[in-house]
Amino acid sequence: LTSLALTISETLRYRGAIGQWSWVLHRISGLGVVLFLTLHVVDTSWAVFYPELYVEAVAAYQSPIFTIGEFGLVACVVYHALNGFRISLFDARPSLWKHQARAAWIVIAGTIILLIPTFILMFGHVLDFYNEGGQPMGVIDALVKQSPFGAGIAAAGIAAVLLSAVTTAVLPERRGQGRGSRLERFWWSFMRVSGVIIIPLVFGHLIMIHLIQGVFDLTTAGHSVVGTSMINESGSAVEFVAQRWNYLVAGIAIWRLYDFALLALVVTHGFNGLRYVLTDYTMGSRFLKNAMIYLCVIGAVVLLTLGGLALLNTIDSSAIEVATEATARLAGK
Ligand code: HEM
Ligand code: HEM
């Protein structure tokens, strides 16, 4: 924690060049996306396991506080992707390093240029919703619906601390370069390669859901379902996911495969990134550092398991019925 306080004060004090601010922005944007991803994968799995909860989660996404968060999330993804591409490119071509500062400015300009039309389109969807008399879930209600996540994260934190207490006491401290540094070299390359592959996947996901469909039209009865030739008859969020995941092209459930690739890459990349950040600030204590590593491993394993199981399951008509009733109940409130 002392090192975290030191990083913050030094970042503010040191009037560093653009490189330092790129590093700060890359870190903050990466953390923002990891936090969202944690809520998002758990929420999405409810479409299969607890249809009623999924309806409530999507209704919460449509509340004003999440609408503001959605703009922030898109900004984080765009900046992190462009800056991550710059890092990957420059690390692969060290001869480019002399253009480092200019490239960092190009990333900022590129982010602004991409965000202007994106925000205009997203704002159009928001305006349509409110002009048509849409009644979003209240802010307090939306926050209360997400509160179990606090308990989940606390439970993961306690498990990580206990595991670390046991292993730090029992296992000898590993010194030396051998295995550890080989593993770290793997992760270094993985972050760059996975980052570049994630770019088209995550941008494709956001373009489909935000720009073409619009978050409010996930739950519009009679609206077409993006990426399919189907209609969301009931207007429930669960039917939207079912139509996408059951849509076959040449016998292949293309959106399940797509989400599988997205899930595997963003969770592994995001939680390894989170490990970099958390261990940076706990270097001084072997016990705390190990606890942070366990926390990241637990988080990644939970999300990969829950998200993967959801993708392997079917969403049957009874789940859609339950969701349709829940949607009607929410609308009647
Ligand atoms: C969109 C494409 C993406 C690209 C091109 C990309 C690229 C990168 C790169 C090159 C790094 C630096 C790794 C290192 O220092 O060794 C990084 C770090 C990181 N990424 Fe990504 N990434 C992308 C998406 C994501 C997503 C979706 C998440 C969240 C789920 C994420 C979370 C993180 C975090 C938390 C870090 C650690 C930041 C730090 O150490 O300061 N990234 N990313
Ligand atoms: C507010 C923004 C977002 C909304 C409304 C949204 C919406 C959705 C929806 C409706 C699904 C269900 C399946 C489908 O239609 O393909 C889904 C799945 C998924 N999304 Fe997003 N998405 C958002 C942002 C993101 C971002 C930024 C990421 C990556 C960092 C992401 C990663 C995923 C993954 C991994 C799945 C599969 C989850 C699982 O296996 O259970 N989403 N998303």
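The structure displayed is predicted, hence computed values, not measured ones. Just so you know, ligand 1 is whichever comes first in the structure, and atom 1 is the first atom listed for that ligand.
- Outside the 6.0 Å centre-distance limit, the rings of W46 and F49 are not counted as a close aromatic pair.
- Taking the six-membered ring for Trp and thresholds of 30 and 60 degrees, F71 and F123 have ring planes more than 60 degrees apart, a perpendicular arrangement.
- Note on K289 versus D280: no salt bridge recorded, every NZ/NE/NH1/NH2 to OD/OE distance being 4.0 Å or above.
- Looking at atom 1 (C) of ligand 1, its nearest protein heavy atom turns out to be A81 CB, 3.4 Å.
- Taking all heavy atoms of R192, R86, R275, H40 into account, the minimum distance to atom 15 (O) of ligand 1 is reached by R192.
- A side-chain donor from one of D316 and S318 sits under 3.5 Å from a side-chain acceptor of the other.
- Here the protein heavy atom with the shortest distance to atom 36 (C) of ligand 1 is G273 CA, 3.5 Å.
- Counting heavy atoms under 4.0 Å from ligand 2, residue W245 touches it through the side chain alone.
- In the vicinity of F240, heavy-atom distances shorter than 4.0 Å reach the ligand 2 atoms 10 (C), 15 (O).
- In this structure, atom 7 (C) of ligand 1 lies nearest to the protein heavy atom G84 CA, 3.5 Å.
- Under a 4.0 Å criterion applied to the non-hydrogen atoms of L262, ligand 2 contributes the atoms 32 (C), 33 (C), 34 (C), 35 (C).
- A parallel orientation is assigned to the rings of H40 and F36, their planes being inclined by less than 30° (bins at 30° and 60°).
- Residues Q243 and T228 bring no donor and acceptor atom of their side chains to less than 3.5 Å of each other.
- A heavy-atom distance below 4.5 Å is not found between the side chains of V249 and I252.
- Remark: minimum distance from atom 42 (N) of ligand 1 to any protein heavy atom is reached at H80 NE2, 2.8 Å.
- For atom 41 (O) of ligand 1, the closest non-hydrogen atom of the protein is R27 NE, 2.5 Å.
- For V266, heavy-atom contacts with ligand 1 shorter than 4.0 Å involve the backbone as well as the side chain.
- Contacts between V267 and ligand 1, counted as non-hydrogen atom pairs separated by less than 4.0 Å, are absent for every part of the residue.
- Shown in contact with V202 at under 4.0 Å from a heavy atom are these atoms of ligand 2, numbered in order with element: 29 (C).
- Atoms of ligand 2 found under 4.0 Å from any heavy atom of L311 (numbered from 1 in listed order, with element): 40 (O).
- For atom 17 (C) of ligand 1, the nearest protein heavy atom (residue, atom name, distance) is H26 NE2, 3.2 Å.
- If you number the atoms of ligand 2 from 1 as listed, the ones under 4.0 Å from a heavy atom of V33 come out as 30 (C).
- Salt bridge annotation for R275-E184: present, with a cationic side-chain nitrogen under 4.0 angstrom from a carboxylate oxygen.
- Side-chain contact between R329 and E52: present, with at least one pair of heavy atoms (C-beta onward) separated by less than 4.5 Å.
- Considering both main-chain and side-chain atoms, H210 never comes within under 3.5 Å of ligand 2 through any nitrogen or oxygen pair.
- In terms of protein heavy-atom proximity, atom 22 (N) of ligand 1 is nearest to H269 NE2, 2.8 Å.
- Ring-plane geometry between H269 and H80 is classed as perpendicular, the angle between the planes exceeding 60 degrees on a 0 to 90 degree scale with a lower cut at 30.
- Looking only at heavy atoms of the protein, atom 2 (C) of ligand 1 is closest to G195 O, 3.3 Å.
- Proximity to I209 (heavy-atom distance under 4.0 Å) selects the following atoms of ligand 2: 4 (C), 5 (C), 6 (C), 7 (C).
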